[in-house]
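Small disclaimer: the values here were computed from a predicted structure and weren't measured. Side-chain atoms are counted along with the backbone in the values below, which use heavy atoms only and exclude waters and symmetry mates.
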Amino acid sequence: MDIADVTGIANTEVSADTAETSPERACQGQVLWHFTMSLDGFVAGPDHAMDWMTGFSLRPGLVEEYAGTTGAVLGGREGWDACPDPGAIYGGAWQGPLFVLTHHPEDARPVAGVTFLSCDVAEAVRIGLEAAGGKNLEVFSPTIGRQLLERGLIDRIDLHVAPVLLGDGIRLFDRPGGVPVRLESLNGDDRLAAVDLRYRPVGTGG
């Protein structure tokens with residue numbers, strides 16, 4: 001999922017014990033790293049292309065659920081430059097404060113409802129959660145999400161696996177030479193269970 005699409009250490013386990021938290025954060029929403037992702041782990045095609053986000057369905061009501069629990073969105077500059085339209089988030093079902101983290105806010109074109117930040121990722125999360133007003137802060141950037149994950153600042157990773165193989169593009173999590181980051185499932189009782197997926201090829205191309 002890019003900014004405008006709903007449709008964002010040895011054997012490290014990320015837990016609340018390692019998070020850069022404060023007592024105030026307990027009263028706030030969660031930090032969600034939220035994306036629709038291809039089966040082979042890409043959240044965007046080359047150059048942040050999102051033309052592959054067609055030809056599949058989502059669970060009825062899914063977009064509305066996320067739109068209702070999202071208070072603010074945090075994205076990266078490359079994703080924003082690829083699709084600079086805050087009104088396209090969740091197909092227009094969501095409106096709210098959008099923050100774009102960038103090294104060069106001075107050359108960003110002003111857009112209503114969009115704040116360009118040039119700060120540490122932890123500070124960006126603090127600002128985003130404050131703006132979210134008790135709802136969730138959604139992170140729509142693989143790069144920012146990776147940095148937040150390493151600092152223990154991601155509360156949840158929500159993924160919707162699309163039935164497509166891209167083969168190239170921007171991966172959800174890319175850290176060459178890195179070690180595994182252990183996760184636990186929030187679906188069902190077995191938090192260490194693998195997820196079973198079964199597909200068959202139906203063709204190539206768009």
Side-chain angles (χ1 to χ4, degrees), residues 1-15 18 30-56 58 62 66 70 73-85 88-90 98-103 120-122 124-125 128 136-187 192-199 201-202 204-206:
M1 184 182 304
D2 212 319
I3 281 183
D5 295 272
V6 50
T7 45
I9 331 188
N11 288 341
T12 306
E13 285 189 291
V14 177
S15 68
T18 63
Q30 293 187 314
V31 179
L32 265 61
W33 197 15
H34 186 196
F35 279 100
T36 295
M37 182 180 73
S38 70
L39 184 60
D40 52 344
F42 294 98
V43 296
D47 300 319
H48 287 268
M50 303 303 294
D51 53 353
W52 57 276
M53 291 274 290
T54 60
F56 60 89
L58 296 171
L62 182 71
Y66 281 99
T70 300
V73 169
L74 174 63
R77 181 64 184 271
E78 290 185 0
W80 168 256
D81 286 346
C83 191
D85 181 8
I89 296 176
Y90 289 121
L98 169 61
F99 299 93
V100 177
L101 193 57
T102 174
H103 293 294
D120 182 76
V121 290
V125 164
N136 295 330
L137 171 65
E138 295 216 359
V139 178
F140 289 173
S141 165
T143 302
I144 296 172
R146 187 190 73 240
Q147 295 176 60
L148 295 177
L149 188 67
E150 291 171 348
R151 296 197 190 190
L153 289 172
I154 292 292
D155 295 310
R156 213 171 78 204
I157 303 172
D158 285 20
L159 298 174
H160 315 288
V161 180
V164 61
L165 297 168
L166 293 185
D168 190 13
I170 299 169
R171 292 189 179 278
L172 172 71
F173 186 73
D174 196 0
R175 189 172 61 186
V179 296
V181 176
R182 300 296 177 184
L183 307 172
E184 63 178 14
S185 173
L186 299 179
N187 299 321
L192 299 180
V195 178
D196 298 322
L197 299 173
R198 294 183 177 89
Y199 296 101
V202 294
T204 60

Side chain to side chain contact (heavy atoms under 4.5 Å, CB included) against [X], all qualifying residues, sequence neighbours excluded:
| X | value |
| --- | --- |
| Arg171 | Phe42, Asp174 |
| Asp81 | Arg77 |
| Pro163 | Phe56, Tyr199 |

Do [X] and [Y] touch side chain to side chain, with heavy atoms closer than 4.5 Å?
| X | Y | value |
| --- | --- | --- |
| Glu78 | Thr143 | no |
| Leu153 | Val121 | no |
| Arg151 | Asp120 | yes |
| Leu149 | Trp33 | yes |
| Trp80 | Thr102 | no |

Option among Phe99, Phe140, Tyr90 that satisfies the side-chain contact (heavy atoms from CB on, under 4.5 Å) test with Val73:
Phe140
Closest heavy-atom contact between [X] and [Y]?
| X | Y | result |
| --- | --- | --- |
| Thr54 | Asp51 | OG1-O, 3.7 Å |
| Ser141 | Ile144 | OG-N, 3.1 Å |
| Asp168 | Pro46 | OD2-CG, 3.6 Å |
| Pro142 | Ile170 | CG-CG2, 3.8 Å |
| Val164 | Ser38 | O-CB, 3.4 Å |
| Thr36 | Ala162 | CG2-CB, 4.2 Å |

Distance, nearest 0.5 Å, that separates CG of Asp40 from CG of Leu165
5.0 Å
In this structure, CD1 of Ile154 is separated from CD of Gln30 (nearest 0.5 Å) by 10.5 Å
Could you check Ile89 against Glu138 for side chain to side chain contact (heavy atoms under 4.5 Å, CB included), going step by step and ending with a plain yes or no?
CA-CA 11 Å; Ile89 296 176; Glu138 295 216 359; over 6 Å; no
For a salt bridge (charged side-chain N to carboxylate O under 4.0 Å, His left out) check, start with the C-alpha distance between Asp158 and Arg156, then their side-chain angles and the critical distance, and finish with the verdict.
CA-CA 6 Å; Asp158 285 20; Arg156 213 171 78 204; 2.7 Å; yes
Would the distance check show the side chain of Arg175 and the main-chain N or O of Val179 forming a donor-acceptor pair, the cut-off being under 3.5 Å?
yes
Short question: side chain of Asn136, backbone of Thr70 - any donor-acceptor pair under 3.5 Å?
no
